Amino acid sequence: MDRETRAFAESHFQRLRGRPAGAVGATPGRVDFIESPDSFSYADFFKGYLLPNVPCVFSSAFTEGWGSRRRWVTPGGKPDFEHLLRNYGDVVVPVANCGVQEYNSNPKEHMLLRDYISYWKDYIQGGYSSPRGCLYLKDWHLCRDSSAEDVFTLPVYFSSDWLNEYWDALDVDDYRFIYMGPTGTWSPFHADIFRSFSWSVNICGRKKWFFFPPGQEEALRDCHGGLPYDVTSPALLDSRLYPMRKHCSPPLELTQEAGEMVFVPSGWHHQVHNLEDTISINHNWVNGCNLANMWHFLQQELRAVQQEVSQWRDTMPDWHRHCQVIMRSCSGINFEEFYHFLKIIAERRLLLLAKGMGPGTMEGGVGTGLGPQQAAFDVSRITEVLASVVAHPDFQKLDTSMFSPQPEELLPQLEEVVATAASI
């Protein structure tokens with residue numbers, strides 16, 4: 001990030017103060033296609049898509065050097081089952097059954113990759129049908145479990161990735177996934193975890209995307225308040241079941257070709273269908289641009305939990321603590337872990353600024369690679385959100401005695417850095 005881009009970003013967030021988190025300006029009428037890496041900079045992406053929070057698709061030229069595009073695909077453009085079997089056949093992978101609805105998702109099982117590929121071959125030979133159903137390998141943490149070969153190179157546009165930086169620092173998890181499945185596999189209507197951004201690259205195959213900007217999903221709720229499982233279902237035409245459907249604008253539709261890379265903005269609900277046998281690499285990520293959206297989402301999640309168990313508020317000891325426990329089990333994070341997330345990213349940025357390091361890897365081997373301007377911007381975004389966290393009544397009910405540093409110590413430290421960072 002350069003100084004001019006940082007100033008542009010900080011001005012953008014000053015204008016947004018007081019507006020609802022996740023708000024999008026004018027919804028684009030189409031998804032922009034970015035043709036050439038040589039003529040598209042990080043600043044172009046940051047200003048044109050990341051800050052406005054709108055989708056785009058990058059051409060296959062951006063991923064042509066990836067090892068997975070060379071090794072995982074046959075000369076005919078199909079998944080190279082033999083290569084995958086040789087290298088990963090004994091890996092246990094998660095598999096969803098697209099033919100079975102479980103709430104607004106699909107039930108999962110675990111199997112060896114060799115067994116899934118055997119199923120996939122039989123599925124193709126059976127005319128894309130099987131008595132076992134339509135099975136989709138989803139959320140395989142290949143990068144966490146293996147570093148056996150050069151699978152991909154992280155695009156610079158997505159390199160300010162706090163979510164994976166945080167989990168890498170803890171060395172327990174990540175949000176980097178492989179998806180693969182035959183024609184007809186699909187992901188139901190959803191918005192990404194924590195209201196993160198995501199990016200998705202087709203290593204081979206084609207996908208059909210349906211995008212709805214933040215807020216449009218409210219018009220898709222049924223008469224009971226539930227969101228649809230499948231936005232292509234004819235049931236949505238029933239005005240008695242979906243009384244607000246007429247107020248929903250048509251989705252932005254996109255067909256993603258092999259090698260192309262889709263940027264999915266924060267809080268955009270979407271549904272995705274594989275039009276061919278497809279393998280994709282997908283990352284979820286959070287940074288200063290959607291941190292407020294994540295915090296807004298967590299507040300919504302806590303309110304939903306509190307409403308669900310409100311009848312026990314006066315009789316359950318430590319009701320507020322139990323709500324945080326339930327929230328973490330449902331959402332994967334609670335207010336306490338969110339504070340630790342902010343703290344770890346803040347400390348790493350403060351270290352970079354204190355050492356005056358230029359662009360490149362931070363101490364510890366993980367960093368944004370985008371230099372001190374990015375670090376200063378990150379600190380300013382953490383400071384604004386942390387101030388809201390510390391002031392939240394439910395955060396104030398937490399036992400923070402074991403936090404290090406204490407929130408009331410960290411926040412002034414960050415505020416002081418923000419005040420002096422204008423000269424960087």
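Note that the structure is a prediction, hence the values are computed from the model and not measured.
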**Request:** For the pair H270 and F211, name the ring-plane relationship: parallel under 30°, tilted 30 to 60°, perpendicular over 60°.
**Result:** tilted
**Message:** Closer than 3.5 angstrom, by distance alone: can the side chain of S329 be matched with the main-chain N or O of I326 as a donor-acceptor pair?
**Reply:** yes
**Request:** Could you tell me which non-hydrogen atom of P407 sits nearest to which non-hydrogen atom of P412, and how far apart they are?
**Result:** O-CD, 4.2 Å
**Message:** Can you confirm whether E308 is buried at CD, in the sense that more than 12 heavy atoms of other residues, nucleotides or ligands lie under 6.0 Å from that atom?
**Reply:** no
**Message:** Side chains of N106 and Y229: any donor to acceptor distance under 3.5 Å?
**Reply:** yes
**Message:** To check you understand the geometry: which heavy-atom pair defines the closest contact between M327 and L302, and what is its length?
**Reply:** SD-CB, 3.8 Å
**Pair H141 + W167: ring centers closer than 6.0 Å** = no
**Request:** Classify the ring geometry between H283 and F152 as parallel (under 30°), tilted (30 to 60°) or perpendicular (over 60°).
**Result:** perpendicular
**Asked** Do the side-chain N and O atoms of N97 and Y136 include a donor-acceptor pair separated by under 3.5 angstrom?
**Response** no
**Request:** Would you please name every residue forming a salt bridge (Lys or Arg N to Asp or Glu O under 4.0 Å) with R15, sequence neighbours left out?
**Result:** none
**Message:** Centroid separation under 6.0 Å, is that true for the rings of Y116 and Y119?
**Reply:** yes
**Request:** Decide if the gap between the ring center of F263 and the ring center of F45 is smaller than 6.0 angstrom.
**Result:** yes
**Request:** Consider only side-chain N and O atoms of S187 and K138, and report whether a donor and an acceptor are under 3.5 Å apart.
**Result:** yes
**Request:** Could you give me the CA-CA distance, side-chain angles and deciding distance for F341 and F194, then say whether ring pair (Phe, Tyr, Trp, His ring centres under 6.0 Å) is met?
**Result:** CA-CA 13 Å; F341 167 70; F194 309 145; 8.3 Å; no
**Asked** Do we see a donor-acceptor contact under 3.5 Å between the side chains of Y179 and N274?
**Response** no
**Prompt:** Testing R6, R349, R348 for side-chain hydrogen bond (donor to acceptor under 3.5 Å, both in side chains) with D378, which one passes?
**Reply:** R349
**Asked** Does a donor on one side chain and an acceptor on the other come within less than 3.5 Å for N53 and S266?
**Response** no
**Asked** Which is it for H340 and F403 under the ring pair (Phe, Tyr, Trp, His ring centres under 6.0 Å) test, yes or no, and what are the steps along the way?
**Response** CA-CA 8 Å; H340 288 293; F403 289 12; 4.8 Å; yes
**Asked** In terms of the angle between their ring planes, are F13 and F377 parallel, tilted or perpendicular, with boundaries placed at 30° and 60°?
**Response** tilted
**Pair H190, N104: side-chain N/O donor-acceptor within cut-off below 3.5 Å** = no
**Prompt:** Between F197 and F158, does the ring centroid distance fall short of 6.0 Å?
**Reply:** no
**Message:** Once you measure the plane-to-plane angle for F177 and Y175, does it fall in the parallel (<30°), tilted (30-60°) or perpendicular (>60°) bin?
**Reply:** perpendicular
**Message:** Taking the ring of F212 and the ring of F189, is the distance between their centroids below 6.0 Å?
**Reply:** yes
**Item:** Smallest separation among heavy atoms of L414 and A346, with atom names
**Value:** CD2-CB, 3.9 Å
**Asked** So, E301 and R195, do they make that salt bridge, N to O below 4.0 Å?
**Response** no
**Q271 side chain to V231 backbone, donor-acceptor under 3.5 Å** = yes
**Request:** For the residue pair Y128 and Y123, categorise the inter-ring angle as parallel (less than 30°), tilted (30 to 60°) or perpendicular (more than 60°).
**Result:** perpendicular
**Request:** Specify whether Y339 and F395 have parallel, tilted or perpendicular ring planes, treating 30° as the upper limit for parallel and 60° as the lower limit for perpendicular.
**Result:** tilted
**Request:** May I ask you to decide whether D394 forms a salt bridge with R303, counting only side-chain N to carboxylate O separations under 4.0 Å?
**Result:** no
**Basic-acidic side-chain contact under 4.0 Å: R132, D122** = no
**Asked** Can you list every pair that meets salt bridge (charged side-chain N to carboxylate O under 4.0 Å, His left out) and has a residue in residues 219-242, with sequence neighbours left out?
**Response** E218-R221, D238-R240
**Message:** If I compare all heavy atoms of N164 with all of N284, which pair ends up nearest, and what's the gap?
**Reply:** ND2-O, 3.2 Å
**Fill in**
Tightest non-hydrogen contact, residues F33 and F58, listed as CE1-C, 4.4 Å
**Message:** Pair W199, Y157 - check ring pair (Phe, Tyr, Trp, His ring centres under 6.0 Å), show working.
**Reply:** CA-CA 10 Å; W199 59 262; Y157 313 103; over 10 Å; no
